[in-house]
Amino acid sequence: MTNFFVLIDRVAERREKFIRTITPLIPPVSGLVTDACSHGDFHAVWAAHSQSPISCRAVDGSVAIVWGEAIAPGETTRITAQNLDNYWHKNLQESSSKNPQFPAIFDGFHVALNYNQTSGLTVSTDLLGLFPVYYYLDQDIALVASSPELFRHHPCCQLDFNPKGLVGILLTNGSFNGHTLWQKIRRLKSGYCLQWRSGNYPQEIYQYQLPTVAEDSPYQDISLNDHLDILDQLLTKTLDRHLQPDRVYNLMLSGGLDSRVLAGFLDRRGLNPKTLTLGDRQDIEMHCALSVAKYLGLDHDTAPTKLSEFLNYAQLYNRWEHVINGGSAIAFGWGIVEPLRKLAPNFLTGLCLEVASCGPLPVTQPGEEYSFDLLFQRRVNPWGFAPEVLQKLLKKEVFGDLVAEVMAEISQVYQSYSDSEYTRYLSFEFYHRERFHVGSRAWIFNFGATPVIPILDQELLTTTTLLPMRGKFRYNYRLVQQQLVMTRFPELAKLPLDRNDFNIQPLLLDKPRRVRTKFYELQKEWYKLQQSIGYDRRYYYHILNTSNSGWQAIRREAEKGRSSMADFFSPEIFNELLPPMGTQLKFNRDAGIESSGAKILIAFMLWANSNL
């Protein structure tokens, strides 16, 4: 996989100077291999790990490149630069009324590109847009990249701060509707491809959207057992297509359900992957993951938390991600690259599989129904700042009425997904929260090894969307996934399970159940006692703790830009939301969620120090 930059510029001297400038800058981390493809006024340069799947073809005035694994829908065929033209230009498919024709979208984690002077440039990414594509296009020049960072080096790309982009991030903890922190740099939206021809302005062309759950759906009245059978068949078929028999695959193994499901399916296939778990030996997550690896007889490796490296990771995030993915993971996301390099070049990860298996976060109160207000207030906005808080925080002379404008845009996008409220809710969950809050890690992972992400499969994603049982079990969100493990892999269901909580009781208990239940209750109280004296064994809680030494180092660096924040924010409100160093941030219930808004401000301070 890769960090890439594509340039189409007819001014040869300018093009060549730009490429000379960015080529040594393109590797985000050391140990990557840099390569390039040049053809006429087109030039692409990229950096990737040595065994990353990449194909490039330049012939007869046309260029095709595929970074990653693009898989033909319903097939095992890998799309390469050699056969991309067949799928995109000879097999145009009929679409909905939104667009009469469009290039086929592929499964797998990838970016595919085709260019010639006649038809112009087409760039497509995976179903959910997890592989990032940013672009700056006008009538005469095209700049397309996997990060906003290197655009600054082209003389035609004038970078002006985009207040609308920041408002979207502050509201949703991720880029919204393609807006970035630079006014003329956009991020390609989920389910769309990018098309551009010299002399024309760019277009984002619709390719894929989750289907609407209709009353006459063939799955409407199926039983739970039938639902489990379908999900079992879908995951089996998906792994058959995405795992190639001549390759070695390893597994990102957490202590939770998603990776346990994948571990069970790999064991059923007779595969023995090496496993990797993030965190320290004393973590609850590590304890649960290790029990799975031990039972299945799998080699197990760990990626210990390195608080001393948090500032380095935050600086990588600042440089290459530009606050696009919110603030929650700035301190540790890039720390996974080095541990992944120790594994085989391909690994399986359950990113976003939870929502596909279980549906969106359930309605919890009797009488409530899925709605935009429920989604925004309970699922999205708690990770940022409430609109009324932003109205006080943001300076009117810089941001104007953007809070109301972006809120209206969020609502409009939500409504555009479907006539079905459930489908709207689920679509927003996938295309926004899952894409940035969870799925953004895929691009970072790819510098260590190539990720295989089962959810990036049209049949799996489409069919699970139509399965209605998840919506029926709205008061037991994880029931379907729990039942899948309990019925297909009962021995794995008897092992301790991490729930991001102190309760690690297995889904199934051997006899005597009462004695075992009491044991796990006592263990839960022991973990709580440890937490009360300052030692939290929950992985995500302690790495997200803003009081740890790693976060303190990040805050000290960010503090260098506090005075400049008066250009954007009310100093009084800003200092209330993010007190200066020396004042500990305080939270009521869930520090991981409640600290997210403050972390966006920390990330923005770091970014502003380098860019404004």
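At distances below 3.5 Å, at least one donor-acceptor pair connects side-chain atoms of R78 with backbone N or O atoms of T76. With hydrogens and angles ignored, the 3.5 Å screen pairs no side-chain donor or acceptor of W46 with any backbone N or O of I26. R424 places no side-chain N or O within 3.5 Å of a backbone atom of F372 that could act as its donor or acceptor partner. A distance-only check finds a donor-acceptor pair linking the side chain of W88 to the backbone of A104 [under 3.5 Å]. Proximity of a side-chain donor or acceptor of T180 to a complementary backbone N or O of I185 within less than 3.5 Å is detected. Proximity of a side-chain donor or acceptor of S62 to a complementary backbone N or O of V59 within less than 3.5 Å is not detected. One N or O on the side chain of N116 and one on the backbone of S119 form a donor-acceptor pair closer than 3.5 Å. Counting only distance, with no hydrogens or angles, the side chain of N173 and the backbone of V380 share no donor-acceptor pair below 3.5 Å. Under the 3.5 Å distance criterion, the side-chain polar atoms of Q207 are matched with a main-chain donor or acceptor of P103. The backbone N or O of P211 sits nowhere less than 3.5 Å from a side-chain atom of T465 that would complete a donor-acceptor pair.
Contact between L84 and I79 at its shortest, heavy atoms only, is CD1-CG2, 3.8 Å. Annotation for E75 and R241: closest pair O-NE, 2.6 Å, computed over non-hydrogen atoms. Here the closest heavy-atom approach between residue Q82 and residue S55 is recorded as OE1-CB, 4.4 Å. In terms of heavy atoms, L127 sits closest to D107 at CD1-OD1, 4.1 Å. In terms of heavy atoms, F430 sits closest to C352 at CE2-O, 4.1 Å. P24 approaches R20 most closely through the heavy-atom pair CD-O, 3.3 Å.
How far OG of S328 is from CD1 of I600: 7.0 Å, rounded to the nearest 0.5 Å. We find the OG1-CD1 distance between T122 and I205 to be 8.5 Å, quoted to the nearest 0.5 Å. Distance CG/D258 to CG/L253: 11.5 Å, rounded to 0.5 Å. We find the CG-CG distance between N272 and N250 to be 11.0 Å, quoted to the nearest 0.5 Å. Atom OH of Y134 is separated from atom CZ of R187 by 4.0 Å, given to the nearest 0.5 angstrom. Here S175 contributes atom OG and L166 contributes atom CG; the two are 11.0 Å apart, rounded to the nearest 0.5 Å.
For the pair L113 and F42, the minimum side-chain heavy-atom distance is below 4.5 Å. Residues T34 and P27 meet the side-chain proximity criterion, which asks for heavy atoms closer than 4.5 Å.
Tested against W182, the residues Y136, W607, Y135 include a single ring-ring contact (aromatic ring centres under 6.0 Å, His included) partner, W607.
Screening residues 41-52 for salt bridge (charged side-chain N to carboxylate O under 4.0 Å, His left out), with sequence neighbours left out, gives R10-D41. Here side chain to side chain donor-acceptor pair (under 3.5 Å) pairs that include residues 341-353, with residues two or more places apart or in two chains, are E338-R341.
In this structure E321 satisfies the side-chain hydrogen bond (donor to acceptor under 3.5 Å, both in side chains) test together with N325, W334, sequence neighbours excluded. By the side-chain hydrogen bond (donor to acceptor under 3.5 Å, both in side chains) test, Q183 is found to be paired with no residue, residues two or more places apart in sequence or in another chain being considered. Under the ring-ring contact (aromatic ring centres under 6.0 Å, His included) criterion, H43 pairs with no residue, sequence neighbours left out. Partners of T423 under the side-chain hydrogen bond (donor to acceptor under 3.5 Å, both in side chains) rule, at least two apart in sequence or in another chain, are S420. With sequence neighbours excluded, the residues forming a ring-ring contact (aromatic ring centres under 6.0 Å, His included) with Y431 are Y417, listed by chain and number. With sequence neighbours left out, F428 forms a ring-ring contact (aromatic ring centres under 6.0 Å, His included) with H432. R441 meets the side chain to side chain contact (heavy atoms under 4.5 Å, CB included) test with L351, V438, F445, Y540; sequence neighbours excluded. With sequence neighbours left out, Q233 forms a side chain to side chain contact (heavy atoms under 4.5 Å, CB included) with D229. With sequence neighbours excluded, the residues forming a side-chain hydrogen bond (donor to acceptor under 3.5 Å, both in side chains) with E309 are N312, listed by chain and number.
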The test is side chain to side chain contact (heavy atoms under 4.5 Å, CB included); show your working for D85 and R57 and say whether it passes. CA-CA 11 Å; D85 186 69; R57 180 175 182 264; 5.7 Å; no
Would S610 and N318 count as a side chain to side chain donor-acceptor pair (under 3.5 Å) here? Give the steps. CA-CA 8 Å; S610 305; N318 166 49; 3.2 Å; yes
Please determine whether side chain to side chain donor-acceptor pair (under 3.5 Å) holds for the pair D567 and S564, giving the CA-CA distance in whole Å, both sets of side-chain angles, and the decisive distance to 0.1 Å. CA-CA 6 Å; D567 296 336; S564 66; 5.7 Å; no
Check the pair K184, Q158 against side chain to side chain contact (heavy atoms under 4.5 Å, CB included), reporting the backbone distance first and the verdict last. CA-CA 8 Å; K184 293 186 178 181; Q158 300 301 314; 5.6 Å; no
Passes side chain to side chain contact (heavy atoms under 4.5 Å, CB included), I54 versus D35? Steps please. CA-CA 10 Å; I54 298 171; D35 205 347; over 6 Å; no
With side chain to side chain donor-acceptor pair (under 3.5 Å) as the criterion, how do D240 and T236 come out once you've worked through the C-alpha distance, each side chain's angles and the decisive distance to 0.1 Å? CA-CA 6 Å; D240 285 343; T236 299; over 6 Å; no
Show the numbers, then the answer: is there a side chain to side chain contact (heavy atoms under 4.5 Å, CB included) between M252 and L348? CA-CA 6 Å; M252 287 284 288; L348 190 63; over 6 Å; no
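Close placement of the F131 and F109 rings is indicated, their centers lying within 6.0 Å of each other. Ring centroid separation for the pair Y414 and F376 does not come in under the 6.0 Å cut-off.
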Atom pairs and distances, side-chain donor-acceptor, residues 143-155, under 3.5 Å, sequence neighbours left out:
{"unit_1": "S146", "atom_1": "OG", "unit_2": "N3", "atom_2": "OD1", "d": "2.6"}
{"unit_1": "S146", "atom_1": "OG", "unit_2": "F4", "atom_2": "N", "d": "2.9"}
{"unit_1": "S147", "atom_1": "OG", "unit_2": "E149", "atom_2": "N", "d": "3.1"}
{"unit_1": "S147", "atom_1": "OG", "unit_2": "W320", "atom_2": "O", "d": "2.7"}
{"unit_1": "E149", "atom_1": "OE1", "unit_2": "R152", "atom_2": "NH2", "d": "3.2"}
{"unit_1": "E149", "atom_1": "OE1", "unit_2": "H322", "atom_2": "NE2", "d": "2.9"}
{"unit_1": "E149", "atom_1": "OE2", "unit_2": "R152", "atom_2": "NE", "d": "3.3"}
{"unit_1": "R152", "atom_1": "NE", "unit_2": "E149", "atom_2": "O", "d": "3.2"}
{"unit_1": "R152", "atom_1": "NH1", "unit_2": "N611", "atom_2": "OD1", "d": "3.3"}
{"unit_1": "R152", "atom_1": "NH2", "unit_2": "N611", "atom_2": "OD1", "d": "2.4"}
{"unit_1": "H154", "atom_1": "ND1", "unit_2": "C156", "atom_2": "N", "d": "3.1"}
{"unit_1": "H154", "atom_1": "NE2", "unit_2": "D9", "atom_2": "OD2", "d": "3.1"}

